[in-house]
Amino acid sequence: MKRRDFIQKSTAVISAPLIAPQFFQPHKTLPLQGNTSPIAVCTWNFTAANAKAGVALEAGKTALKAAIEGVAVEENNPKNTTVGYGGAPDREGHVTLDACVMNHQGNCGAVLAVEQVKNVAALAYDVMEHTPHVMLAGEGALQFAKERGYTTEELLTPESKKRWKEWLKNAKYQPIINIENHDTIGMLCRDKNGNIEGVCTTSGLAYKMRGRIGDSPIIGSGLFVDNNVGGAVATGMGEEVVKTVGSFLIVEFMRQGHTPQEACELAVQRVLEKQKGKPNFQVAYLALNKKGEVGAYSIHGGFTYMHYQQQKNTGHKANAAYSL
Ligand code: ASP
């Protein structure tokens, strides 16, 4: 390189930070339009959880506080075998929970493979608010929970234990499509200020390998929120959601101008593009934008979601690429 070229190049590099960044496309914030009342949506038919969040929103709570209160209904429910207390254990009999939260400022928190603590969405919130970190896993997350005063208890209920013992007889580890094995609760709320925030909480795949983490606590996969645009949550085979960073992808499609419905369909299509024919796993998405529009779509039929707005809490069936 000639000396003159070198000087020119170095000058360009040195002066670069002084120049205002140029973006290819300006960031567009979707306007709040039409009915601006609070909204809660969640995966599957978690009626009580969604209603709880709706009522909290009406009372003026922030979207994230409302969502954490809402999902706690299922985290505390021993009959729900895929979230919180009573969740199915891993193949060695340990119940390990995953959760994440994201707020309207783009801040987030997550806990992975936590044992003995059922309200892991609240714990993920505490990671966001009270640590300099985004994720805490396993022992460290449990230690943090104890420091924060969380109750610790055995999360394996006698019923879950019985089912696990039954499973052990054959110990077949295969992904299953049906609803019993995919009940992660992902919830998105829009509060009175028009802010969108969300939560995702799960016990993960039933009888998973010890230490296995799915999509649910991974920001961008199980949950993503951009308050300029909207939010998305995922349920189903976490390994497949992670491969296409599903929730982030949906929010980006919405940013490009797609409706939540189109965005969910495009994200499912992205998963299917990598498959040869009909896959034997489920992936399902739910999205909400700033305008309050909702979209949902899954690979296989059977995916449902709840929608709360103006004192109405209604259940809906999502369309699917392959109906049952
Ligand atoms: N997505 C969750 C996971 O992979 C499972 C589910 O939604 O049921 O851990």
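Counting starts at 1 for both ligands and their atoms, following the listed order.
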* Structure fact -> Per-atom filter on ligand 1: closer than 4.0 angstrom to a heavy atom of Gly238 are 4 (O)
* Contact between Asp215 and ligand 1, counting heavy atoms under 4.0 Å? -> yes
* Asked: Can you list the ligand 1 atoms lying under 4.0 Å from a non-hydrogen atom of Thr184?
  -> 1 (N), 2 (C), 5 (C), 6 (C), 7 (O), 8 (O)
* Asked: Quick check: does Thr235 get an N/O under 3.5 Å from an N/O on ligand 1?
  -> yes
* Structure fact -> For Pro78 and Thr157 the tightest heavy-atom approach is CB-CG2, 4.2 Å
* So His316 and Tyr305, would you call those rings parallel, tilted or perpendicular, with 30° and 60° as cut-offs? -> parallel
* Asked: Which atoms from ligand 1 have a heavy atom of Leu205 less than 4.0 Å away?
  -> 9 (O)
* Under the side-chain hydrogen bond (donor to acceptor under 3.5 Å, both in side chains) criterion, do His104 and Glu197 qualify, and how do the steps go? -> CA-CA 5 Å; His104 70 281; Glu197 304 182 315; 2.7 Å; yes
* Asked: Shortest non-hydrogen contact from Ala267 to Gly246?
  -> CB-O, 4.4 Å
* Considering only heavy atoms of Gly204, which atoms of ligand 1 have at least one such atom less than 4.0 Å away? -> 9 (O)
* Residues in salt bridge (charged side-chain N to carboxylate O under 4.0 Å, His left out) with Glu252, at least two apart? -> Arg255
* Which is closest to atom 5 (C) of ligand 1 in terms of heavy atoms, Gly214, Ser216, Gly236? -> Gly236
* For Arg212 and ligand 1, answer yes if some heavy atom of the residue is under 4.0 Å from a ligand atom, otherwise no. => yes
* To do: Measure across Cys200 and Thr184 and return the closest heavy-atom pair with its distance rounded to 0.1 Å.
  => SG-CG2, 3.6 Å
